[in-house]
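Right, one structure below, let's go through it.
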Amino acid sequence: MADNQSPHGAPMRTAPPVSEPKAAPVSKETSGKPGTSGGARTVDTGSKRPEASEHKKRDRDRPWLMRTYAGHSTAEASNALYRRNLAKGQTGLSVAFDLPTQTGYDPDHVLALGEVGRVGVPVAHLGDMRRLFEDIPLERMNTSMTINSTAMWLLALLQVVAEEQGADITALQGTTQNDIVKEYLSRGTHVFPPGPSLRLTTDMITYAVNHIPRWNPINICSYHLQEAGATPVQEIAYAMSTAIAVLDAVFDSGQVPRERRGDVVGRMSFFVNAGVRFVEEMCKMRAFGRIWDTVTRERYGVQDPKHRRFRYGVQVNSLGLTEAQPENNVQRIVLEMLAVTLSKDARARAVQLPAWNEALGLPRPWDQQWSLRIQQVLAHESDLLEYDDIFAGSHVIEAKVTELVDQATAEMAHIAELGGVMAAVESGYLKTQLVASHAERRARIESGAESIVGVNVYESTEPNPLTADLDRAIMTVDPDDEARVVAALHDWRLARNEQRAEKALAELRAAAAGTENLMPATLECARAGVTTGEWSWALRDVFGEFRAPTGVGGAPVAASADEDGELAAVRRRVEKTAAELGDGRLRLLVGKPGLDGHSNGAEQIAVRARDAGFEVVYQGIRLTPEQIVSAAVAEDVHCVGLSILSGSHAALVPDVLGRLRRAGVDDVPVVVGGIIPAADAEELRAAGVAAVFTPKDFGITGIIGRIVDEIRRANKLEV
């Protein structure tokens, strides 16, 4: 349940765009394409003195696009936040949508309970999108939207709002993430099966290339793969394999003539993670660019180097942000930013940084400002942008890049042998590999082989004035906002032309059942006042839904099982407790209620509990409290563990507790893990939760041992 990641940052903070801002166009001399020197020029001051050569003025490259990933509560509140951030020097927008919007549910759906406005802004219809961008001219803005399953829908809403503003849609700039593969593997906001999902992606890319040519219609997103445990090799290989699957589908669709392949490839963008091992991470970016150049030239015949350029944006790693000594997160963020800015030949086109307190909860505007200022100091105060690539000619860097390229290329070949990335998703291969990699990393941290300052080394600390008042160190969302959003949704439905909305939905279903591009029908739904949930359910009716493999069953044992080790001791206690209760094995249900799809922590608990001798019941993500309780009763479990990282614990956990009591199983202990502020943890324990685990509880075997203790207490056995 507990996990070293934030739903408000790492896993939920996704997809910065990589399109270029309109100001300060890049000259040929400073474009900095992969594999070449950007060629920053020097300008002679005119002085004849020999010593003056040391003080030549240099042209500065333009800074990368600076964004803050933001959105919460309501469209109105998010709009005000965006305008404040732009006034502080932010050069683009990065929109965070809440989980109901991302997964195709309206705010009044049962699964949306407690999730509305929590980790992003709710956008249920065209009216919400209008308010979100009020007084923000979209034609002059570079806008990123972190959205995947419902990417086509959100782009349609944005286009209609831009049209209402009088914009020329061919001038719109920005990015929609639109990478469904990593949703199956790490982030969990998928809706439809792989085939239909790839069709939605394909239709949207072909529409954008033909109608919104400056828009990046996809952002191949390896960021969340690293959050789910991917090594640099896996991150490169899985992202590149996804890009190949997407491009193959686009070109096989027949919607783009062969002579325009370069236009499609040139709008492909990537969203990459940068961890604290910044030398290796910088080499990873160079390896990405080298492989992308080869794939696009050799597989797709793209000759123009500008089209083959590896265009990527970054949010630096949030997996490593800690709840313990959170002030250390600032230097982690800076080091991670350096990985994607120091090397000119591998420099990110857009950067957004998490906030220092994201392992504690939702950052405040001041916290986000601090992260923006980190970027601005590097770009505007240092001399970084005055030089060619400072790593050019380094044999150490070249050797590491070559190693990554060779290993990633080999893994890409293996994925191709499995039938491509979609087949590797459906078979569970990719998910199992990520769960195993993550388990190995967690085991290294627990054993001390991998050091985390303030967590497993140098744990002593002075009192932290930043967290002296934990309840004020993070931002909170007004729970009454959800009721207001739901009421506004009902008013919207009553005020629209119902006949036009129904007709638009019927046309969408017909298009989905056929082969035509789905974007025109989606645009008509947007104009007709259709809601997010209605659009999504129309496609669910045709495409069905998909539950991705969990990867838990095939994950190897990662923790040491030495006879004198911690895991062996816990296993003996599990066996003893089961025997004392007269059961063959202890049974643990690991449940993820609500829409939080970040299952990394839950998966690691499930794997370690399995290795400790538990029979584990884990059915994956997005379950209702009713489904969780039904499974607990049917499986006669000894403990229920709930994992929630989206902030919806205050609504969902009491619901589960109440249903368990009404089902007559109130003697089964319930434990909860996630990003849970101290005050909320106290309320949960007062409501009957046996134990609460947060990111500071990094020792998974220790957590399993505490779960055994709670089972023994609940059954009046000696602890």
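- Taking the ring pair (Phe, Tyr, Trp, His ring centres under 6.0 Å) definition, one finds that Tyr184 meets it with His190, Phe546, sequence neighbours left out.
- Residues passing the side-chain hydrogen bond (donor to acceptor under 3.5 Å, both in side chains) test with Glu183 are Asn148, Arg187, Thr189, sequence neighbours excluded.
- Residue pairs meeting the salt bridge (Lys or Arg N to Asp or Glu O under 4.0 Å) criterion with at least one partner in residues 700-713, sequence neighbours excluded, are Arg573-Asp709, Glu580-Arg712, Asp697-Arg706, Glu710-Arg713.
- Thr68 and Gln90 share a side-chain donor-acceptor pair at under 3.5 Å.
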Query raised in the report: Which is it for Gln325 and Asn464 under the side-chain hydrogen bond (donor to acceptor under 3.5 Å, both in side chains) test, yes or no, and what are the steps along the way?
Result: CA-CA 8 Å; Gln325 298 182 26; Asn464 185 346; over 6 Å; no

Requested in this report: Could you walk me through whether Lys696 and Val455 pass side chain to side chain contact (heavy atoms under 4.5 Å, CB included), step by step?
Outcome: CA-CA 7 Å; Lys696 70 178 183 300; Val455 174; over 6 Å; no

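- Inter-residue side-chain proximity for His72 and Val119 is flagged as unmet; no heavy-atom pair is nearer than 4.5 Å.
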Query - Candidate pair Glu227 and Asn600, rule side-chain hydrogen bond (donor to acceptor under 3.5 Å, both in side chains), full reasoning - result: CA-CA 8 Å; Glu227 297 289 314; Asn600 302 333; 5.9 Å; no

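- In this structure, His638 and Leu588 have side chains that are not in contact, with every pair of non-hydrogen atoms separated by 4.5 Å or more.
- Residues passing the salt bridge (charged side-chain N to carboxylate O under 4.0 Å, His left out) test with Arg373: none are found, sequence neighbours excluded.
- Taking every heavy atom of both residues into account, Ala274 and Val340 meet most closely at CB-CG1, 3.7 Å.
- With sequence neighbours excluded, the residues forming a side-chain hydrogen bond (donor to acceptor under 3.5 Å, both in side chains) with Glu403 are Lys400, listed by chain and number.
- Rounding to the nearest 0.5 Å gives a distance of 9.0 Å between CD1 of Ile621 and CD of Glu603.
- Contact detail for Leu225 and Ser186: the closest heavy-atom pair is N-OG, 4.1 Å.
- Aromatic ring pairs are classed by plane angle as parallel below 30°, tilted from 30° to 60° and perpendicular above 60°; the pair Phe310 and Phe288 is parallel.
- Leu642 is not listed as a side-chain neighbour of Lys592, based on a closest heavy-atom distance of 4.5 Å or more.
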Requested in this report: Evaluate the side chain to side chain contact (heavy atoms under 4.5 Å, CB included) criterion for residues Leu404 and Val233: first the C-alpha distance (whole Å), next the side-chain angles of each, then the deciding distance (0.1 Å), finally the verdict.
Outcome: CA-CA 6 Å; Leu404 291 172; Val233 168; 4.0 Å; yes

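- Looking at every heavy atom in both residues, Ala359 comes nearest to Leu321 through CB-O, 3.9 Å.
- With salt bridges taken as basic N to acidic carboxylate O contacts below 4.0 Å, none links Arg571 and Asp611.
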Report task. Just do the side-chain hydrogen bond (donor to acceptor under 3.5 Å, both in side chains) check on Asp389 and Ser343 with the steps written out, would you? Result -> CA-CA 5 Å; Asp389 196 293; Ser343 171; 2.6 Å; yes

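- Thr242 contributes atom OG1, which lies 5.5 Å from atom CG of Asp179 (distance to the nearest 0.5 angstrom).
- Residues satisfying the salt bridge (charged side-chain N to carboxylate O under 4.0 Å, His left out) test with Lys284, not counting sequence neighbours, are Glu235, Glu281.
- Within the 4.5 Å cutoff, no side-chain heavy atoms of Asn357 are placed close to those of Pro326.
- Rounded to the nearest 0.5 Å, atoms CG (Leu595) and CZ (Arg118) are 13.0 Å apart.
- A side-chain N or O of Thr701 and one of Arg608 form a donor-acceptor pair less than 3.5 Å apart.
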Please list every donor-acceptor pair under 3.5 Å in which a side-chain atom of residues 674-690 meets a protein atom from a residue at least two apart or in another chain.
from, atom 1, to, atom 2, distance (Å)
Asp680, OD2, His649, NE2, 2.8

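- Looking only at distances, a side-chain donor or acceptor of Glu358 sits under 3.5 Å from a matching main-chain atom of Ala355.
- Looking only at side-chain heavy atoms (C-beta outward), Met337 and Ile333 stay at 4.5 Å or farther from each other.
- A donor-acceptor pair under 3.5 Å is absent between the side-chain atoms of Glu386 and the main chain of Asp61, judged by distance alone.
- Between Phe271 and His224, the ring planes lie perpendicular to each other; the angle is over 60°, past the 30° to 60° tilted range.
- In this structure, Ile220 and Ala239 approach most closely via the heavy-atom pair CG2-O, 3.4 Å.
- A distance of 15.0 Å separates OH in Tyr69 from OG in Ser371, rounded to the nearest 0.5 Å.
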Report task. Starting from the C-alpha separation in whole Å, work towards a yes-or-no answer on side chain to side chain contact (heavy atoms under 4.5 Å, CB included) for Arg67 and Asn85. Result -> CA-CA 9 Å; Arg67 286 191 171 90; Asn85 287 344; over 6 Å; no

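- Counting heavy atoms from C-beta on, the side chains of Phe614 and Ile711 come closer than 4.5 Å.
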Query - Residues Ile605, Val616; criterion side chain to side chain contact (heavy atoms under 4.5 Å, CB included); working and verdict - result: CA-CA 10 Å; Ile605 292 292; Val616 178; over 6 Å; no

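- Counting only N and O atoms by type, the side chains of Ser437 and Gln234 include a donor and acceptor under 3.5 Å apart.
- Residues passing the side-chain hydrogen bond (donor to acceptor under 3.5 Å, both in side chains) test with Arg84: none are found, sequence neighbours excluded.
- Under 3.5 Å, the side chains of Gln226 and Asn317 contain a donor-acceptor pair of N or O atoms.
- Listed by chain and number, the residues in a side-chain hydrogen bond (donor to acceptor under 3.5 Å, both in side chains) with Thr402 are Glu398 (sequence neighbours excluded).
- Remark: Val617 engages Leu589, Glu635, Val637 in a side chain to side chain contact (heavy atoms under 4.5 Å, CB included) (not counting sequence neighbours).
- Closest heavy-atom contact between Ala230 and Leu434: CB-CD2, 3.5 Å.
- Contact check for Trp356 versus Arg332: no side-chain heavy atoms found under the 4.5 Å cut-off.
- With contacts defined as side-chain heavy-atom distances shorter than 4.5 Å, the pair Ile397/Met282 qualifies.
- For the ring pair (Phe, Tyr, Trp, His ring centres under 6.0 Å) test, residues two or more places apart in sequence or in another chain that qualify with Tyr429 are His414.
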Query raised in the report: Can you check side-chain hydrogen bond (donor to acceptor under 3.5 Å, both in side chains) on Lys182 and Gln177, steps first, answer last?
Result: CA-CA 11 Å; Lys182 57 90 177 174; Gln177 194 165 102; 2.3 Å; yes

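- Scanning for side chain to side chain contact (heavy atoms under 4.5 Å, CB included) contacts around Ser648 gives Glu115, Ile644, Ser646, Leu652, with sequence neighbours left out.
- A donor-acceptor contact closer than 3.5 angstrom links the side chains of Gln331 and Asn328.
- A salt bridge is defined here as a Lys NZ or Arg NE, NH1 or NH2 lying under 4.0 Å from an Asp or Glu carboxylate O, and Glu446 with Arg441 fails to meet this definition.
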